[in-house]
Amino acid sequence: MPWFETKTFKIDNGVDPDRKTQYIHSQLAGSDEDNYIFLTQGNYEYPEDYDWEYESYLKLLISNVVVVNKKSGETKNIIDLLHFFEDGEFPEGIIYLNGNIVVDASSFDTATNLQVIKEYTIDPLTGEILNVTNEESYKQASQVFGIGDYQIQVSMNWNTDPPEGYLYVTDPAGNEKEIKIEDGNTTIYSVDNIIPKGEDKAIVFLGADIGYDYLELDLKSGKLKKLNPKEFDWLDSYSISNMTGGSDGNIYSSTPTGISKIDIKNKTKEEIFNYSWCSVNRNSLANYSLGQISEDSFILYGEKYEPTPFASFNDWSASGFEIIMFTKAGKNPHAGKRILELYSPSGYLDEAMCDALVKYNETNDKYFIEVTDRYSSGSENLNSINSDDELSRSDNERDSAISNKLSMDILSGDGPDMFLDISRIDRLNNSSYLIDLTPYIANLDPDKYFTNIVDNAKVDGNLYNFPLCFGISGIYTDGAYAGASGFGFTTDEYVDFLNGPLNGKDVISYGQPYYFTCLFNAARNEFIKNGKADFSVPEFAAIAEFVKNNVPEHSITWDDGTGSSFNSYGAGMFEYTEPAIYTTSKNFADYLITLQQLESGNSILGLPSLDGHGPVTVVSSSIAVSTQSYDVDACVDFVKLLVSDEIQKEYSLNGSFVLNREYFRSTGEAAIEYYNQTTISSLFGGYFENTPENRVKYTKEHIDVLENTILNCSSATTEDADINIVLIEEMPAYFSGQKSLDQVIKIAQDRVQKILDERG
């Protein structure tokens, strides 16, 4: 295994340290033999006394050119581009082109009632204005790609319907050619990347209404040729958007786990760097941008943000810009250790997991844990998905494919040693694939831990996935709306709730088959026990009849309205509160901010069922160990580290719901104090000018209610993609009246039982 030595340079990006920033982003604009050129853009927070009518908006903007010495990491020059503008001028686009900074600025001529566009050309090394020209229009949303000695500037015109895209190709002699992006009847929304293809040609990756489309650009002639999309089926959207040409002529792409070399001709990806192959905490690296690269050296750069306590929002003002230079080392300091593979479905790891990995690898003299996402297809292309139903279908297909690959490799001994966050892949919850962790984890004290969360995670009494963090899923509303059980709704009670307080607008937005699987999975233990499927139980008939009579055939499309399932908080939420919301809270940010969306109440109730059962828990972070692991005891040592007070506390301080009740409680109370003192505007990046007067004032009672609700949860929602697919295929025959429920049950139960029998 290779190893890379690193040098980290903190960069002065010219941002005023005494002013809070609302947004900031830096990007590598280009380089010469000695220097890197970065553009830092953003804006400062609005002061409370800011006068929109008379004060210049330029005072709030950040637009700096930062020149950094390649060898020393020293900031050699900072140019505030806004100083070049006259009163009334506003920057519309900034790019690095032919070694210079080119800025389009617009203003309004009151005498002629016309917009005036000026193009400034500025030397980044001296800050000297080299040229100012008047332009007919500016190139909006500009991007620049360097392909050999050519530079390609991208511009999208959103003032037309459909949008029009243009490429401005500058040849080695400095001549510019305008090329309109023509792609038949396809509607183009973006140019996601441009990479070299042999001599004087490039591949243009388009984001379009049909998903991705691909064109070949002849740089000399300026002609575009449509390519067969099937040639690129092997590439995922994450790779497409992150590919870049290396200084050695190869194509590279950053991935969630490292950096890969891309071979377009042979359709292969080869990992040349894994984030485990250095001593830097990988959490930051996964969010950084890839700069100049060859197979033996490269740079990653970006803002290192300090997470806001208790929430998934960054504190922009606490960020620091840095460059990390990587050079392949002659020797690996961990040479001689055995590698244990840890699989992460997404490739990403949170800060607490990263810290645990570093600690394990530095203190264990026999083993080294390396992270992989080898069963993932990268970021999915969601362009063709337009409803909650379609998203659910896509999730089932993805999980089914991954579970098939994982199960085969585990049985053959070729699978990973450990697995993160695979509890939703229910097929693997079997002694043929994963070990039962119960004997390896000391008995947990229910006074100290949420032991019911661990019990809920068990399958037929075995703990295949240990829950490190968890969430609670249900209908958030006023407890006065609950049915007779006090915890949820019978199907009849939910019909009354739907037609009454909800005014006919269901909080669960799926169409019939997907709605049914949602209710099925929340009560799965009623239907599948010890490897046997039984759909003849009354619970199955109750939810089937409810769905048939009360749920539309299909979910609403996202074009026609936002789906309400797992409704997330967003702009305008305080103006339009709801009587109820169906969602999952996995941290105090989710829970407390969701309460702001409710008209009243802070209860979490269960989904409609035969007995009106309560909400269910979900596993938000988990660890599992393969039966074929090279050393089970070494893997269990890592599991124990993750359950330790040290790591549980770190998860808790980030706001997650953890098993340790002491940390859960103390973090919850700190979150209450934090949110009560924090304005809504600052929480959501300035989307809200004022904190509403009717905002919920949090008290310890909110944590009491949440803790008691969690303690009373006796089951977890369980997903099984293969079983979901069967139900989605078979249940519509009953919903549409083509078959009786008994006929459908016979077929569906037989198919599900065969799946269970095949798993052993």
Side-chain angles (χ1 to χ4, degrees), residues 145 147 183-184 186 188-199 201-217 224-246 248-275 286 289-290 293-295 298 341 343-348 370-385 390-391 393-409 412 414-416 425 721:
F145 297 90
I147 307 294
D183 192 19
T186 303
I188 307 301
Y189 295 112
S190 64
V191 175
D192 284 24
N193 210 335
I194 301 177
I195 63 169
K197 181 187 180 184
E199 187 175 351
K201 290 185 179 180
I203 300 174
V204 182
F205 295 85
L206 302 175
D209 56 349
I210 59 172
Y212 279 105
D213 215 6
Y214 312 87
L215 301 176
E216 179 183 278
L217 170 63
L224 291 168
K225 182 176 74 174
K226 195 176 181 71
L227 298 174
N228 186 349
K230 292 184 178 179
E231 294 182 25
F232 303 93
D233 284 347
W234 60 283
L235 277 175
D236 57 77
S237 58
Y238 193 95
S239 296
I240 288 172
S241 59
N242 286 282
M243 282 190 292
T244 185
D248 55 5
N250 293 310
I251 304 298
Y252 296 91
S253 173
S254 58
T255 73
T257 59
I259 298 171
S260 292
K261 184 163 67 173
I262 307 291
D263 187 331
I264 296 290
K265 182 179 180 181
N266 295 309
K267 301 180 180 180
T268 60
K269 291 190 290 184
E270 175 194 358
E271 186 173 66
I272 61 105
F273 173 71
N274 186 292
Y275 293 134
S289 298
L290 177 61
I293 180 172
S294 67
E295 200 159 333
F298 56 91
E341 183 182 0
Y343 167 66
S344 168
S346 66
Y348 290 106
E370 182 177 279
V371 179
T372 178
D373 65 344
R374 61 173 160 134
Y375 299 94
S376 302
S377 58
S379 178
E380 293 180 86
N381 179 10
L382 301 179
N383 290 353
S384 60
I385 294 176
E390 292 175 0
L391 180 60
R393 182 206 66 215
S394 175
D395 289 343
N396 284 325
E397 292 172 350
R398 178 201 62 211
D399 288 347
S400 178
I402 290 176
S403 69
N404 288 334
K405 294 177 183 178
L406 273 170
S407 59
M408 288 188 292
D409 281 1
S412 67
D414 295 328
I425 304 179

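- The two residues K267 and E231 have their closest heavy-atom pair at CE-O, 3.4 Å.
- In plain terms, the two heavy atoms of I194 and I147 that are nearest each other are O-CD1, 3.8 Å.
- Within 6.0 Å of atom NZ in K201, 12 or fewer heavy atoms from other residues, nucleotides or ligands are found, so the atom counts as exposed in its surroundings.
- If you run side-chain contact (heavy atoms from CB on, under 4.5 Å) between I188 and each of D213, L215, D183, only D183 comes through.
- How far CG of D236 is from OG of S253: 7.5 Å, rounded to the nearest 0.5 Å.
- Between T186 and A208, the shortest heavy-atom distance links the atoms CG2-CB, 3.4 Å.
- Around the NZ atom of K405, the shell of radius 6.0 Å holds no more than 12 heavy atoms that belong to other residues, nucleotides or ligands.
- Using a 4.5 Å heavy-atom cutoff, the side chains of I293 and F273 are not in contact.
- Atom CG of residue L406 and atom CZ of residue R374 lie 8.0 Å apart, to the nearest 0.5 angstrom.
- Across all non-hydrogen atoms, the minimal contact from D373 to S346 is OD2-O, 4.1 Å.
- The CG atom of L217 lies 11.0 Å from the NZ atom of K197; values are rounded to the nearest 0.5 Å.
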What do the steps show when you test V191 against L206 for side chain to side chain contact (heavy atoms under 4.5 Å, CB included), and what is the final call? CA-CA 5 Å; V191 175; L206 302 175; 3.9 Å; yes
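- Going from atom OH of Y212 over to atom CD1 of I240 covers 5.0 Å, rounded to the nearest 0.5 Å.
- With rounding to the nearest 0.5 angstrom, the CD1 atom of I259 is 9.5 Å from the CD atom of E271.
- Looking at D414 and S412, their side chains do bring a donor and an acceptor atom within 3.5 Å of each other.
- Scanning both residues, P256 and A286, for their nearest heavy atoms gives O-CB, 4.1 Å.
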- Task: Assess whether side chain to side chain contact (heavy atoms under 4.5 Å, CB included) is satisfied between I402 and Y343, documenting all intermediate values.
- Result: CA-CA 12 Å; I402 290 176; Y343 167 66; 3.7 Å; yes
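- Using a 4.5 Å heavy-atom cutoff, the side chains of V204 and F145 are not in contact.
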Quick one: do F232 and F205 satisfy ring pair (Phe, Tyr, Trp, His ring centres under 6.0 Å)? Show the steps, please. CA-CA 10 Å; F232 303 93; F205 295 85; 5.8 Å; yes
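- Closest of all the heavy-atom pairs between G207 and D192 is N-OD1, 3.9 Å.
- Of the possible donor and acceptor atoms, none in the side chain of N274 sits under 3.5 Å from a partner among the backbone N and O of T372.
- Using a 4.5 Å cut-off on side-chain heavy atoms (C-beta onward), F298 and L290 make contact.
- Remark: T255 OG1 to K269 NZ distance equals 8.0 Å, nearest 0.5 Å.
- Taking the side chain as every heavy atom from C-beta outward, E295 and D248 approach each other to under 4.5 Å.
- Contact annotation: the side chain of I264 approaches that of I195 to within less than 4.5 Å [non-hydrogen atoms, C-beta and beyond].
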